[in-house]
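Order of the sequence lines sets the chain letters (A, B, ...), proteins ahead of strands, with each chain counted from 1.
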Protein chains: 2
Amino acid sequence: MPHDSHSKPQTGPALNAAQARALGALQAAGRPLTAYEVLDALREDQPRAAPPTAYRALRRLIDLGLVHRLESLNAYTPCVHEHDAADAGASQATLFAICDDCGNVREITDAPLARRMRQLAEEGAFTPASTIIEMHGRCGGCASEGGA
Amino acid sequence: MPHDSHSKPQTGPALNAAQARALGALQAAGRPLTAYEVLDALREDQPRAAPPTAYRALRRLIDLGLVHRLESLNAYTPCVHEHDAADAGASQATLFAICDDCGNVREITDAPLARRMRQLAEEGAFTPASTIIEMHGRCGGCASEGGA
DNA sequence: GAGACGAATGTTATATTGTAACCGCTGAGC
DNA sequence: GCTCAGCGGTTACAATATAACATTCGTCTC
């Protein structure tokens, strides 16, 4: 069974088997996954899959705006907002709040923040293509639990 | 020669030979250096130096607030502002504008940006410990040169 | 339908980045 | 002098990522 072309038409752009599997794994995990964790998920379908298969699927998902890469973790997380990847630099500024205790990641988009970033870029004659904002710290849940 | 305590008294805290050499290499480079490029610089003094020597020196310099790590490049750049590392999460928000054409990096600190980040964290009951803001794109110089 | 061609994917191998764990020196305190 | 703690050196390896080549598949042409 090489591939079935009628599997997931509703998502929008067609994803191949590896891409769909990778996205599913990321959505199911509830936490960021490394490329090699995604690879492990792909191997449930294709036991011989190798790293480039995972990296190519992830790149495609990122290009489609369905997944983000967290640079400070070398990990990947599904995007909870719908937006075009083409917007990444200009109008979007997505902030990730990463709890170093529980690993939870919150994705936040904020217009005033994006506006200020654009303004700073403009003042510096800089044309942004993509922006990374990652905050590490402690989420509310972990702060109230482990007071120490 | 374990360490000479009279090498650079004006910088503040004492740096050992490897740390001073690493910082010098970063300042001289004019662009971010990878850990292994810093290691090459260290080897001019200590030809047998191994990766942990470079990583330890870099970590120390980061802890002292003298160097930043650029997560999106896996590279390191000297800090042009004087500030305590302890501030990193709370009052400081340092933005790096990275030109993908020429590799130049500009370090920008901006109070309104930092304020908005703090506010967003607070609204989400999140306690930030450190924040990464990296903008990729094209600097003014490169935009005016290579119009294409 | 056979063959040529290009795009996508599979596969192998290796490059790059980073760290665990142990060793040995040096210097402080006794 | 002896012990011990801490730092830095060293070895070995783990984790992350990509280059380069082989194969497959679909499509176009004739």
Residue-phosphate contact under 4.0 Å: [X] side-chain N/O, [N] OP1/OP2:
X        : N       : result
Tyr76(B) : dT17(C) : no
Arg69(B) : dG18(C) : yes
Asn16(B) : dG8(D)  : yes

Closest-nucleotide 5' rank along DNA chain D - winner of Gln46(B) and Pro51(B): Gln46(B)
Distance in angstrom units between [X] [atom1] and [N] [atom2], rounded:
X        : N       : atom1 : atom2 : value
Leu39(A) : dT18(D) : CG    : P     : 14 Å
Asn74(A) : dT16(C) : CG    : P     : 17 Å
Arg60(A) : dA8(C)  : CZ    : C1'   : 11 Å
Arg21(A) : dG10(C) : CZ    : P     : 14 Å
Leu33(B) : dG18(C) : CG    : P     : 13 Å
Arg59(A) : dT16(D) : CZ    : P     : 17 Å
Tyr55(A) : dT11(C) : OH    : C1'   : 16 Å
Glu71(A) : dG18(C) : CD    : C1'   : 16 Å

Sugar-phosphate only, base, or nothing, as touched by Arg48(B) at under 4.0 Å among non-hydrogen atoms: sugar-phosphate
Glu134(A) vs Glu71(B) side-chain heavy atoms within contact, under 4.5 Å: no
Non-hydrogen side-chain atoms of Thr53(A) and Tyr55(A) separated by less than 4.5 Å: no
Would you mind telling me which of [options] lies closest to the side-chain atoms of [X]?
X        : options                   : value
Gln19(B) : dG8(D), dT17(C), dT16(D)  : dG8(D)
Ala50(A) : dT12(C), dA20(D), dT10(D) : dT12(C)
Pro52(A) : dT10(D), dT18(D), dT16(D) : dT18(D)
Arg56(A) : dA17(D), dA20(D), dT10(D) : dA20(D)
Thr53(A) : dT18(D), dT11(C), dT19(C) : dT11(C)

Single-linkage hydrophobic cluster, 4.5 Å side-chain cutoff, Leu64(A) and Val38(A) together: yes
Atom of Cys139(B), atom of Cys102(B) and distance for their closest heavy-atom approach: SG-SG, 3.8 Å
Full working for ring pair (Phe, Tyr, Trp, His ring centres under 6.0 Å) between His68(A) and Tyr76(A): CA-CA 6 Å; His68(A) 290 286; Tyr76(A) 302 82; over 10 Å; no
Side chain Tyr36(B) and base dA15(C) donor-acceptor under 3.5 Å: no
